[in-house]
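Please read the structure below before turning to the comments.
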Amino acid sequence: MEEIMAEDKNVSHLDLVRHSMAHVMAEAVLSFFPDAKIAIGPSIENGFYYDFDLSRSLTIEDLDLISDKMKEIIKEGGAFEKKVVSKKEASEIFSNQPYKLELIEALPEVEEISIYTNGAFTDLCRGPHVESASKLNPQSFKLLSVAGAYWRGNENNPMLQRIYGTAWSNPKELRLYLTQLEEIEKRDHRKLGKELDLFSMHEEAGAGLVYWHPNGARIRMEVENFWRAQHYDNGYEMVYTPHVGKSWLWETSGHLDFYKEGMYPKMEMDNADFYAKPMNCPFHIMIYNNSKHSYRDLPCRWAELGTVYRYEKAGALHGLLRVRGFTQDDAHIICTPSQVEDEIVEVLRFSLEMLKAFGFTEYKAYISTKPEKSVGREEDWELATVSLKKAVDREGLEYEIDNGGGAFYGPKIDIKIKDALGREWQLSTIQFDFNLPERFKMAFTDSDGVEKRPFMIHRALLGSIERFFGVLIEHYAGAFPVWLSPEQVRIVPVAEPFFEYAKEVEQLLKKKGIRATADLSDDRMNAKIRVAQTKKIPYALILGENEKSQRSVSMRPRFSRENISMALDEFVDFVRKKVADKETI
RNA sequence: GCCCUUGUAGCUCAGGCGGUAGAGCACCACCAUGGUAAGGUGGGGGUCAACGGUUCAAGUCCGUUCAAGGGCUCCA
């Protein structure tokens, strides 16, 4: 407990430092741009920012100058002096600062308004700050970037210039953070995607559309095969549905009313309008509604790796993480009210099992409950929400509740995982839908002979295959576990006389289902080993006279300088076990 | 969609004040090559993102478009 307190205290001290840094930065900027209009400058995770309205655009060089000026200000070590003023006084002080005036206007009449002065700079601010600039360390901050940001985050407001900085208690922490940034850059899936020849995007063929290269496709196939096998094992059936549907479908589902801006525009054919699907649900419902259902048939659990297309704003696209065409690992569970609870418990358990198989072991759940505007019966919401909470409790997951944060059609659980760098990613989502069953008039005949509306649960475990792939690449830094590696074994003959043995080993491994390639190029063996290492291939097999005569291999794992000799058969078993166990290496 | 930055060979990049392109890696050829992270020599490859403009002359200056990056916004 004490430790946690100490940590909290540390964090809040850092907040003071960061917030104070923002003030120092504003003072520095004002010294270069006396006419600058200042907006807001809070502390944020890892640092701080301040928004400015300036006469010209800032450049990277400006950041250096501003940074130097900040160091001067810190060295002067002026105190942060607080003063309480009336609203009227505040308005006078900031009479030529329109953004500040807007903030002051918005303050309630009774509240006392505090202003802080440091050196030549006075800011409207709730505080608190460090006592004086001398408490700041000129060596433990760094200005990182300049970006556009709307005043108050509203796109109808003027665009301001935001300077981002990072600040820490001491230079060592700063260095640690900067090193971490470098590590994140090294793992960037866009960079690794190129280096390992996994996927590409093509501006001339459309932004946000992914091309899976043979190496990436190998990984995807493994993921999908595993996914299908797991679903059959867990009581799901697979379905396949079309990629386009007539407007009737989207009018009935309501998508044309409330999701049109997220859809690709219509295609006209035979006097009808067709749309590429942004979601799979209506199609699965078509299958359900194809026949009458008894309560005895339920639950239906229908899964599909369904490829959908959604319009994302150009500026929102980001590598594999936000694209315009992607494949959801989708499924819909259609069940009776009495089955809801068990289904939710089961789907959550299944979800965690799936994530675990890919090396994710830390999860956090986010439950979103009924918003003000919603459809569906009160008791259905209640049952659904209680089921979600019970399931989370049963799994012992840490969770947060976003009261009123659900979609209008039903409550949901989102699961976020932590990757190898401790970053959170949202993957799984489990959502109730009280809207579509109603719109499509879905029904089942209950034991009392009465037709009733079934519950529908929409869920994706990996989210989208593209996004999941991006997260996997970064999680493993491109060094995939053996079962996922596009190439599992690279065979390196010591010299040409051993090419025959190398080919023989390659054939044998392939027959055993191991993805192996013999490197028969005319490079020297040193170069071949290097290539195997840089491609992050799990194992390199060095084959020479010793190995040939004994039918053995000399195995060199990636990122290792040591080699292990073993019989060829032994190596086959070794790799097959790694694959079967889904071991990292 | 908005603000800023960027776009030169498959990849990573160089090309002071305009005078129609370079390096390393990769690729191809030849030579060399027997033990754990790059052997040597030579060669091919670019309408300098696209389109339009200024100019005797544009990779270089201007405009538009597309794409990428950093953010904002949005996110059934």
Inset, instruction - Any chance you could lay out the side chain to side chain donor-acceptor pair (under 3.5 Å) test for A:Ser554 and A:Ser565, step after step, and finish with the verdict? - result: CA-CA 4 Å; A:Ser554 172; A:Ser565 283; 4.5 Å; no
Inset, instruction - Encode nucleotides 25-34 of chain B as B, S and - characters from 5' to 3', where the letter depends on protein heavy atoms closer than 4.0 Å: B to the base, S only to sugar-phosphate, - to neither. - result: -------BBB
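- Between A:Trp168 and A:Tyr177, the ring-plane angle classifies as tilted under the 30° and 60° cut-offs.
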Inset, instruction - Apply ring pair (Phe, Tyr, Trp, His ring centres under 6.0 Å) to A:Tyr164 and A:Tyr49, showing your working. - result: CA-CA 4 Å; A:Tyr164 280 100; A:Tyr49 69 79; 5.6 Å; yes
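- When the side-chain nitrogen and oxygen atoms of A:Tyr311 are compared with OP1 and OP2 of B:rG1, one or more of them lie within a distance under 4.0 Å.
- The residue among A:Leu58 and A:Arg556 whose nearest nucleotide of RNA chain B is located toward the 5' end is A:Leu58.
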Legend entry - Nucleic acid footprint by protein, nucleotides 64-71 of chain B - heavy-atom cut-off 4.0 Å, B for base, S for sugar-phosphate alone: --BSSSBB
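- Taking the six-membered ring for Trp and thresholds of 30 and 60 degrees, A:His255 and A:Tyr259 have ring planes more than 60 degrees apart, a perpendicular arrangement.
- Under a cutoff of 6.0 Å and an axis angle of 45°, A:Lys536 and A:Phe480 do not form a cation-pi pair.
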Sub-3.5 Å pairs of nitrogen or oxygen atoms, protein against nucleotides 12-14 of chain B:
residue	atom	partner	partner atom	Å
B:rU12	OP1	A:Lys194	NZ	3.2

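- In the model, A:Asn280 has a side-chain atom that pairs as donor or acceptor with a side-chain atom of A:Gln328 under 3.5 Å.
- A distance-only check finds a donor-acceptor pair linking the side chain of A:Arg453 to the backbone of A:Met442 [under 3.5 Å].
- A:Arg162 places no side-chain N or O within 3.5 Å of a backbone atom of A:Ala149 that could act as its donor or acceptor partner.
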